[in-house]
Each structure stands twice: as structure tokens, then as C-alpha cells.
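Here's the structure, in C-alpha cells; my notes come after.
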2 protein chains.
Amino acid sequence: MNKETQRTLLEDVAREAGVSTASVSRVLNRAPHVSERLRERVEAAIERLGYVPDGNARALASRRIGAIGALVPTLDNPIFGAMIDSLEQRLKHHDCRLLIATYRYDLDDELQALRTLVQQGVDGVVLIGHDHRPAVGTLLARRRLPFLSCWHAEDDPAWPCIGFDNAAPARRLAEHLLRLGHRRLAVVSAPTEGNDRARARLEGFRQATEAAGCPLPPERIVTVEYGIAEGARAFETLMGLEAPPTAILCGNDTLAFGVMLAAQRKGVCVPDQLSVTGFDDLSQARFMSPPLTTVAVPAIEIGRRVADALIARIDGKIMPHLQLLDAPLALRESTGPAPID
Amino acid sequence: MNKETQRTLLEDVAREAGVSTASVSRVLNRAPHVSERLRERVEAAIERLGYVPDGNARALASRRIGAIGALVPTLDNPIFGAMIDSLEQRLKHHDCRLLIATYRYDLDDELQALRTLVQQGVDGVVLIGHDHRPAVGTLLARRRLPFLSCWHAEDDPAWPCIGFDNAAPARRLAEHLLRLGHRRLAVVSAPTEGNDRARARLEGFRQATEAAGCPLPPERIVTVEYGIAEGARAFETLMGLEAPPTAILCGNDTLAFGVMLAAQRKGVCVPDQLSVTGFDDLSQARFMSPPLTTVAVPAIEIGRRVADALIARIDGKIMPHLQLLDAPLALRESTGPAPID
DNA sequence: AGGTTTCTTGTAAGCGCTTACAACCGCGTT
DNA sequence: AACGCGGTTGTAAGCGCTTACAAGAAACCT
């Protein structure tokens with residue numbers, strides 16, 4: 001027992017069990033070629049002394065930490081919570097832990113957080129989206145750190161990624177509304193700076209409306225921060241327009257909830273007077289009244305696949321550069337035929 | 001440059017700057033007694049080489065890691081997401097990082113996760129609630145690790161804690177309903193095993209109803225897992241009873257959302273035919289229709305205070321054993337007079 | 001029985017950093 | 001001119017673990 005720190009060290013365990021430190025280490029690491037008898041003696045000693053190995057010393061000596069780092073914009077949004085949850089669960093199967101850092105959509109913060117994770121010596125890194133400071137790529141490359149970005153997908157991505165096309169479902173959502181006869185569409189978007197997903201979704205909305213000959217004028221594109229209250233405020237702004245929209249496409253479900261609830265308050269009937277769509281398919285979406293038409297983002301599946309793929313990369317396996325997942329529309333009752341003027 | 005790992009080491013920086021490793025370390029740690037000139041030279045060398053110090057080696061040598069660990073049941077519930085967010089923001093002010101681990105309300109997992117955090121060498125630990133395996137306390141004590149539990153509060157707590165009384169607001173919620181004339185109350189609770197908060201809330205509901213002479217029969221206490229769908233299912237169960245309740249007290253907002261949405265679907269009008277209450281005051285609560293009567297849990301404030309208090313403890317300062325916060329009722333329109341039979 | 005081979009265990013050299021201690025420098029004192 | 005002093009820098013000994021290598025024991029063979 002180390003007198004000053006009162007900590008039990010591996011050396012103490014070795015002494016207690018009457019073996020060498022190497023043997024204790026081998027038992028700890030489930031190394032092959034350890035006799036049953038020795039293992040039992042060491043394990044008993046560990047139990048008796050309540051020994052807990054020092055992860056830092058371990059990481060330093062073995063050059064792996066047994067953890068990967070995830071950089072997520074925020075944990076406020078349950079869709080990321082779900083992904084992280086699934087990622088962590090799956091990593092457990094691989095005896096790997098997860099260090100989470102958030103950056104609130106501030107790319108400078110993201111870079112800073114990455115530096116911290118790298119200092120920690122994480123064995124791999126998960127990023128969201130492909131908007132990052134250039135230094136992010138440089139650092140990752142210089143350290144030869146396995147990494148993956150997710151939540152987005154494009155042809156021939158610069159980095160390995162696991163995700164879905166954000167623009168296509170947005171386009172299809174808009175097309176769905178156009179088919180229903182809507183001509184005055186509006187968009188409530190999350191801030192697009194440093195957020196490629198929000199940008200892609202907006203772009204999808206734009207493409208579809210322009211192709212149909214009824215493009216979105218600037219006043220019918222409102223950008224707001226994340227939050228129900230923000231969605232509600234966006235509703236007010238849009239409905240106060242000279243020619244208010246008959247359908248509102250929202251960049252995520254939470255904004256859509258805000259829009260729908262504000263509509264309800266104002267006595268605007270969804271979908272008879274106003275159609276609303278979301279993006280994410282949070283568990284609430286199907287329970288709204290009316291149930292929200294949205295895009296089912298495969299958050300759980302992303303978490304699972306990212307775990308498997310990153311571990312594989314860390315183990316030096318070759319993995320596909322892109323794993324494209326499906327993000328199907330969930331057509332529900334918040335969208336309906338355009339009202340007759 | 002280390003040939004094998006391709007990593008820049010502190011030693012490389014020292015060589016590049018033409019100084020000793022100790023000097024580089026001093027610059028890195030902003031130690032006193034470093035001349036301006038030396039500092040500039042070292043910083044230039046660091047910049048030039050893109051040097052990133054190894055956190056593990058640093059932690060090992062200095063015996064502090066600059067991070068605390070938080071054990072939370074789940075990140076699925078946005079109320080914990082909010083608390084963690086606020087905790088992390090505040091820790092940044094103290095130059096301290098946050099390691100998060102989740103255990104899905106499984107106390108054995110919690111203990112396991114704590115071991116992992118301790119192995120990582122965290123400088124302090126945050127726990128939720130006071131239901132834990134005994135080994136949690138033993139381990140924390142043995143390592144003399146500063147720690148704090150939060151989200152609960154009782155007189156003379158065994159451990160230092162920052163939180164609120166879970167039973168009192170529950171009692172007041174029930175009393176509110178009783179005053180409105182309700183006599184057949186029901187409860188939708190989260191599983192109480194290993195969850196003292198859920199237990200305290202249920203107990204609060206019980207106390208108030210018993211004091212008023214209309215105790216809760218077992219069939220009017222439904223226990224379900226976390227989730228909107230689960231709340232909706234609980235609604236079905238309760239409304240299928242011989243004598244369905246006129247008011248439903250939910251253990252958290254998400255369950256209440258489920259109940260309200262199921263009611264809406266079934267054409268049961270809230271609050272005219274049924275009163276519903278939640279607990280948490282998630283941002284959605286005030287936007288439900290009708291807005292949900294609930295308890296405002298001071299999640300942000302808890303995060304902030306936990307950060308300050310834990311850092312203070314790590315620095316050896318003496319802190320109050322208990323910080324009791326207020327969790328006021330948010331009386332809104334989901335509760336109303338009992339219907340006349 | 002002696003020589004291999006295979007498995008188990010021990011010895012000791014790091015992993016990349018911090019920090020106690022010593023050495024050194026230039027200055028003001030006596 | 002000798003001395004002491006405070007401030008700056010270097011030297012080197014760890015921090016607690018892993019692991020290459022070597023040595024010893026046991027099992028196999030001819």
C-alpha cells in the first residue's frame with residue numbers, strides 16, 4: 001500500500017498474491033498462457049485489497065485507452081441522445097467506452113473539444129456532419145486516428161461516413177405537399193452556418209419548390225435556433241405575412257412541434273388550414289395531434305453501425321468508405337390537401 | 001519525432017526550442033518563474049510542431065486529470081440532458097472537463113461505470129439520487145474522491161447533496177387536485193426500484209391522498225418504463241378500470257405527455273373530463289394543449305451548482321452538506337375541477 | 001535418459017509527462 | 001572583492017502500468 005496516496009497498486013496485489021507484477025497485469029488483461037491457479041490467486045488478492053487499476057498508467061503503457069470520443073453539437077436534442085445511447089450500448093460489446101463532448105454548433109468549440117479528446121488519447125473519434133474547421137482534419141490525420149463522420153452522406157465523401165441523404169427526404173417532403181396542391185410553402189430552418197445537415201435540408205426544400213415553379217421567397221424562409229418556443233415564434237412570423245403559407249416545412253421535429261402548438265393556440269387547424277412537417281421522427285411525433293408527418297432519421301441504427309465500423313477501423317480492418325442508410329418519410333396526418341382560398 | 005508513433009513529444013519540443021523538457025512542461029502548465037523570452041520560444045516550437053501533450057502521461061505524472069465524472073441514468077430524458085449541458089458549461093469556467101456515463105437505471109451498471117470512471121482517474125464524481133450499491137460509497141471513500149449526489153434532498157443526508165425534495169411537490173400536486181374536488185386519483189409512476197426519486201414522488205402522492213381520506217388502491221397505481229408510448233398505454237389501463245380516475249398524476253412529464261395524447265385520441269377532454277399532471281417541466285410542457293400542470297425541476301441550476309460545489313471540494317474547500325433548491329409547482333390548464341358524475 | 005518443444009512466470013525497460021532538487025545567473029550588500 | 005539572494009533553468013527520478021525478453025518448468029519425442 002502506497003503510504004501517501006493510500007492507494008492499492010498493482011505491486012501490492014503482486015506482493016499479496018506472491019507473484020510478479022507481470023503476472024498480475026496478465027490476469028488483468030486476460031492474456032493467454034496464464035494458469036488457472038495463478039489467476040485465481042491474483043483475483044482473490046485483487047478482491048481482498050479492493051484494487052482498481054489506474055487507467056492512465058495503463059493507457060500510457062499500452063498506448064490504447066479503450067475509449068473513443070464523440071463530438072456532438074448538443075445533448076439537448078433527444079435525437080442525438082438516442083444515437084449516443086445506442087452507440088454507447090454497442091461499444092460495450094467491444095469493451096470500449098465513450099467520451100462525449102458537446103460544442104453547441106460552434107465549430108471553434110468543436111476543434112477545441114477534439115483537442116481535448118486527442119489529449120485524452122482516445123482510440124478513435126466520431127464526428128457529426130461534414131462542416132468542420134480544417135484543423136480538425138489535419139489533427140486527425142497527423143495522429144493517424146481512426147475516425148468517422150455520421151448523420152450525412154454524399155457521393156464520394158471526403159471522409160468515411162455513415163449516414164443518410166438529408167436533401168432527398170426534404171425534397172420528397174416538399175413534393176408531397178406540392179402534390180397535395182400547396183403552392184405557398186414556407187420553411188422554418190435551424191441556423192445553417194456550420195451545419196451542413198440543416199443546409200442540405202433547406203436545399204432539398206428549395207430544389208423541389210423551384211422545380212415545381214413555386215420557389216420560396218426569402219420572407220418565407222425563417223431561421224431560428226433550436227427549441228419549441230422558437231418554432232412557435234416562427235409560426236407567428238410566417239402567419240403574419242401578407243400572404244401566409246398553407247404549409248410549413250420544419251428543419252426538425254422540435255421546431256415543428258412549436259409550429260403545431262402555436263397553430264393550435266391560434267385556432268389554426270392542422271392540417272385543414274395548415275400543413276406542417278418535421279424532420280427526425282422523435283417519439284413524440286406520432287403522438288402529436290394530429291400525428292406529425294416527418295422523416296424517420298435512423299439514429300439508433302447510426303449509433304450501432306458507427307460503433308461497429310469504428311472498432312473495425314481501430315483494429316485495422318478495411319471498411320467501406322460510405323454506409324448509406326435510409327431515412328424514409330413518415331407520412332402522417334399533419335399534412336393534408338391545400339385549403340381552397 | 002518518435003519514429004514509430006510519428007508523434008511529437010515534449011522532448012521534441014524541447015529540442016526544437018533548445019531548452020530542457022522541464023522548461024517546456026513549465027510553459028505548458030503556466031508555472032511561475034518562466035521568462036518571457038523562454039516562453040515565447042517554447043510556444044513557437046509547439047506551434048511549429050503541432051504538438052499536443054499526452055493527457056494520460058500528464059495525469060499519471062501530476063496525479064490529476066482535470067475532469068470529473070458524472071453518472072446519469074439515461075440521456076434519453078431531456079431533463080438530464082439539460083442538467084449535463086449546464087454542468088459541462090460551468091465546468092469549462094473551471095478548466096475542467098466532464099466524463100459522462102449512463103447506466104439505464106441499473107445499479108449494477110452504475111457501480112461498473114463508476115469503477116471505469118475511477119480507473120480513468122477522475123478528480124471528482126457526480127451521482128444522481130441516493131439509491132446506489134453499497135460498494136459505490138466504499139469505493140468513493142477508499143479513494144477519498146470528492147463527490148456529490150444530486151436531484152434529491154432529505155434532512156441530514158448521508159452524502160453531500162444538491163437537490164430538491166421530490167415528495168413535497170408531489171404532495172402539493174395531489175393536494176391541488178383534491179382541492180379541485182377530485183376523489184378518484186391515479187398515479188402513473190416510473191419503476192421505483194433503484195430510483196429513490198420515483199419512490200419519493202409516489203410517496204408524496206400517497207401521503208396527500210391518504211391524509212384526505214381517499215387513498216390510492218393498487219389498481220390505480222400503474223408502473224411503466226419511461227416513454228410517451230408507455231404513458232399512453234398506462235392511460236388505456238387506467239381508463240379501462242371499473243371506476244376510472246378523474247385525475248392522473250404522472251411521475252414525469254414524458255409519461256404525462258403520453259397520457260394526454262392518448263386522452264386526446266380517445267376523445268377524452270383534458271381537463272374537463274380528466275386532469276393530468278407531470279413532473280420535470282420540460283420545455284414542451286407549457287406548449288401542450290392544454291399546457292401541462294407540472295413541477296419545475298431546477299435542472300439547469302443543479303448543473304451549475306454541482307459544478308461549483310464539486311470544484312470547491314476538489315480544491316479542499318469546506319462546503320455545505322446540503323443545498324436545497326426549490327421545485328415550484330407550475331399550475332397550468334391540464335388540471336381543472338373534477339367532473340360532476 | 002537426453003534433447004526439444006511448449007507453456008508459464010519473472011525481470012526490467014520503458015510509456016510521456018511532472019517536479020523536487022541542484023545549479024546557475026546577475027544583482028545589490030557589506 | 002567576497003558574499004548572499006531571488007529568480008530562472010536544467011537534471012533526473014519517478015507516476016503505475018505493460019510487455020519484450022529470458023528463464024524455468026512441464027510435456028513431448030527419439
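Residue numbering restarts at 1 for every chain, and letters A, B, ... go by the order of the sequence lines. FYI, side chains are in, hydrogens and waters are out, and symmetry mates aren't considered; it's all heavy atoms of this structure.
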Taking C:dC17, D:dT11, C:dG10 as options, the one with an atom nearest any side-chain atom of B:Ala22 is D:dT11

Within this structure, what is the CG-to-C1' distance between A:Leu10 and C:dA12, rounded to whole angstrom?
14 Å

Check this for me, if you would: do B:Glu88 and B:Lys92 make a salt bridge, where the nitrogen-to-carboxylate-oxygen distance has to be below 4.0 angstrom?
no

Side chain of B:Arg64 (C-beta onward), nearest among D:dT9, C:dT19, C:dC17
C:dT19

Of all the choices, D:dC17, C:dG16, C:dT9, which nucleotide is nearest to the side chain of B:Ala61 once you look at every atom?
C:dG16

Do any side-chain nitrogens or oxygens of B:Ser25 fall under 4.0 Å of OP1 or OP2 in C:dT18?
yes

Which residue, B:Ser20 or A:Val24, contacts DNA chain D at a nucleotide closer to its 5' end, judged by nearest heavy atom?
B:Ser20

Separation between OG (A:Ser86) and CZ (A:Arg305), nearest 0.5 Å, reads 11.5 Å

Calculate, to the nearest 0.5 Å, the distance between atoms CZ and CG belonging to B:Phe147 and B:Leu310 respectively.
10.0 Å

Below the 4.0 Å mark, does C:dC17 have OP1 or OP2 next to a side-chain nitrogen or oxygen of B:Tyr51?
yes

A:Val19, nearest nucleotide to its side chain (from D:dC17, C:dG10, C:dG16):
C:dG10

When all nucleic acid strands are considered with a 4.0 Å heavy-atom cut-off, which category describes A:Asn29: base, sugar-phosphate, or nothing?
sugar-phosphate

Rounded interatomic separation in angstrom, taking CG from A:Leu38 and C1' from D:dG24
14 Å

Rounding to an integer number of Å, can you tell me how far A:Leu60 CG sits from D:dG14 C1'?
12 Å

Calculate the interatomic distance between A:Glu36 atom CD and C:dT8 atom P; express it in whole Å.
11 Å

Can you see if the side chain of A:Arg63 gets near the phosphate of C:dG16 - specifically, an N or O under 4.0 Å from OP1 or OP2?
yes

What integer distance in Å separates A:Arg37:CZ from C:dT8:P?
13 Å

Short side-chain N/O contact to C:dA20 OP1/OP2 from B:Arg26, under 4.0 Å:
no

Please state how far atom CD in B:Glu11 lies from atom P in C:dG14, giving the value in whole angstrom units.
13 Å

What is the distance from CZ of B:Arg39 to P of D:dT8, rounded to the nearest Å?
12 Å

Fit a plane to each ring of B:His132 and B:Trp159, take the angle between them on a 0 to 90° scale, and name the class: parallel (under 30°), tilted (30 to 60°) or perpendicular (over 60°).
parallel

Is there a side-chain contact between B:Ser35 and the phosphate of D:dT9, meaning an N or O under 4.0 Å from OP1 or OP2?
yes

Are any of the side-chain heavy atoms of B:Asp308 and B:Gln323 separated by less than 4.5 Å?
no

Rounded off to whole Å, could you give me the CG-to-P distance for the B:Asp54 and C:dG16 pair?
7 Å

